[in-house]
Amino acid sequence: MHLDKLENLATNSEDREILARALDLAEVTGKSHRPQVTDFYNPYRCAMIVRTVGYIPGLAVAVDGGYPAAERSRVLIFPDYLVAGDVDAGLSFLAVQGSFRFNTVTHRDYLGALLGLGLRREKLGDILVGEEGAQIIVATEVSEFIQMGLTSVGRVGVSVSAINRAALKAPVRDYREIKVTVQSLRLDSVAAHGLGLSRTKMSREIAAGKIYLNWRLCLEPAAPVRPGDIISARGRGRVAVEQTGGQTKKGRTTLLLHRYGSAR
């Protein structure tokens, strides 16, 4: 694919690089008829790859993160005469166990321990943190390395063992319901209400590159927000725009938001 077409599909250099790598994998599949799989990406980037590769004649795509609500997934690229369920997505599932009763560790602690092994984030899927440890979805090619190398998380010694997909315990996503009225459905206004910041401070957060709209970095305070959109902020969690209602007598729009805890 020519560079100008990539420019239209991906608006920043990192997305263009990811898309170019996916197209290279698609070329391998087209020539060899062997399925290929990408690294782990967020929903926006997975959709970007699906939209592009899915239109190549003779190829099919599927997205798999280990469970239906996964936030990080791999994209499978395979000949269209194969069935997606028969193609290996290159996922492995690990259980990390330790004595966490008196040592609280967070998602950030687990991620830091894994990255401390020298792994790239793109080889790691969701990290499902529980009271007695965590379940981690990883690329198969790094599974054994993690099982041998991960010996502690924070100050807690851990053991790592392989589990199967059926043993995954999908997280219960707790949220706080927020009902507000906004003057306009702009990103800065909606995000400010959902995340409990002033509109001025939210505008600064957006300008600083800390706010994502539907998993994509957004630097436009006036970007329109619609029902179904996800607004996420580094270190502050995320807000789902559940629905919009009617207008008040003063012309403000009613909104129902769900605020979730800090992101995986």
Side-chain angles (χ1 to χ4, degrees), residues 1-94 111 114-128 135-150 160 162-168 212 214-217 264:
M1 182 174 287
H2 294 297
L3 180 60
D4 58 343
K5 292 185 178 180
L6 283 178
E7 297 264 0
N8 293 331
L9 291 166
T11 56
N12 62 63
S13 60
E14 188 174 0
D15 285 351
R16 284 195 293 273
E17 182 180 345
I18 289 170
L19 193 53
R21 288 202 297 267
L23 289 168
D24 287 343
L25 293 176
E27 185 176 4
V28 171
T29 298
K31 291 180 177 179
S32 69
H33 297 274
R34 294 197 306 269
Q36 302 293 315
V37 61
T38 70
D39 286 334
F40 285 96
Y41 299 120
N42 65 33
Y44 166 74
R45 285 174 169 163
C46 286
M48 177 182 70
I49 294 170
V50 168
R51 285 196 306 269
T52 307
V53 178
Y55 285 106
I56 298 176
L59 298 184
V61 292
V63 177
D64 192 350
Y67 65 105
E71 294 181 3
R72 295 176 60 81
S73 300
R74 304 185 88 176
V75 181
L76 291 73
I77 304 171
F78 53 95
D80 60 6
Y81 55 78
L82 297 179
V83 178
D86 295 334
V87 179
D88 182 8
L91 302 180
S92 290
F93 309 92
L94 303 176
L111 180 58
L114 290 164
L115 296 179
L117 298 176
L119 294 168
R120 292 192 297 115
R121 183 68 175 98
E122 291 78 12
K123 295 300 179 183
L124 307 173
D126 283 4
I127 301 172
L128 311 179
Q135 295 179 325
I136 305 175
I137 303 165
V138 304
T140 296
E141 57 266 31
V142 300
S143 176
E144 288 189 8
F145 176 76
I146 293 172
Q147 291 181 64
M148 292 186 295
L150 186 63
V160 184
I163 58 175
N164 58 39
R165 185 188 296 251
L168 280 181
Y212 292 77
N214 295 325
W215 312 101
R216 187 178 187 182
L217 179 65
R264 264 196 268 287

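We use all heavy atoms of the structure for the numbers below, so side chains are in, but hydrogens, waters and symmetry mates are not.
- Of all the heavy atoms in I146 and L117, the pair that sits closest is CA-CD1, 4.5 Å.
- To the nearest 0.5 Å, atom CG of residue L91 and atom OG1 of residue T140 are 6.0 Å apart.
- Although no hydrogens or angles enter the test, the distance criterion places no donor-acceptor pair under 3.5 Å between the side chain of D64 and the main chain of A89.
- Taken to the nearest 0.5 Å, the CG atom of L94 stands 5.0 Å off from the CD atom of Q147.
- Applying the salt bridge (Lys or Arg N to Asp or Glu O under 4.0 Å) test to residues at least two apart or on different chains, none of the pairs has a partner in residues 78-90.
- Listed for the T38 side chain is no donor-acceptor partner under 3.5 Å among the backbone atoms of A22.
- Atoms CG and OG1, on L25 and T29 in that order, are 7.0 Å from each other to the nearest 0.5 Å.
- Annotation for F145 and L119: closest pair CD2-CD2, 3.8 Å, computed over non-hydrogen atoms.
- With R45 as the partner, the salt bridge (Lys or Arg N to Asp or Glu O under 4.0 Å) test is satisfied by one option alone out of E122, E14, E71: E14.
- The stretch residues 19-37 participates, sequence neighbours left out, in these salt bridge (Lys or Arg N to Asp or Glu O under 4.0 Å) pairs: E17-R21, E27-K31.
- Pairing each heavy atom of L217 with each of Y212, the nearest pair is N-CD2, 3.2 Å.
- For the residue pair D126 / Y67, a side-chain donor-acceptor distance below 3.5 Å is found, with atom types taken as modelled.
- Using a distance-only test at 3.5 Å, with no hydrogens or angles considered, a donor-acceptor pair links the side chain of R121 to the main chain of L124.
- For the pair Q135 (side chain) and A167 (backbone), a donor-acceptor distance under 3.5 Å is present.
- Looking at every heavy atom in both residues, V87 comes nearest to P35 through CG1-CB, 3.7 Å.
- Annotation: salt bridge (Lys or Arg N to Asp or Glu O under 4.0 Å) contacts involving residues 141-150, sequence neighbours excluded, comprise R74-E141, K123-E141.
- Annotation: the span from S73 atom OG to Y41 atom OH amounts to 12.5 Å, rounded to 0.5 Å.
- The neighbour count for Y81 OH, taken as heavy atoms of other residues, nucleotides or ligands under 6.0 Å away, is above 12.
- Across N164 and F93, no two heavy atoms sit closer than the pair C-CD1, 4.1 Å.
- Under the 3.5 Å distance criterion, the side-chain polar atoms of R72 are left unmatched by any main-chain donor or acceptor of I137.
- With rounding to the nearest 0.5 angstrom, the CD1 atom of I77 is 10.0 Å from the OG1 atom of T52.
- V28 and Q36 make their closest contact through CG1-NE2, 3.5 Å (heavy atoms, listed as atom of the first residue, atom of the second, distance).
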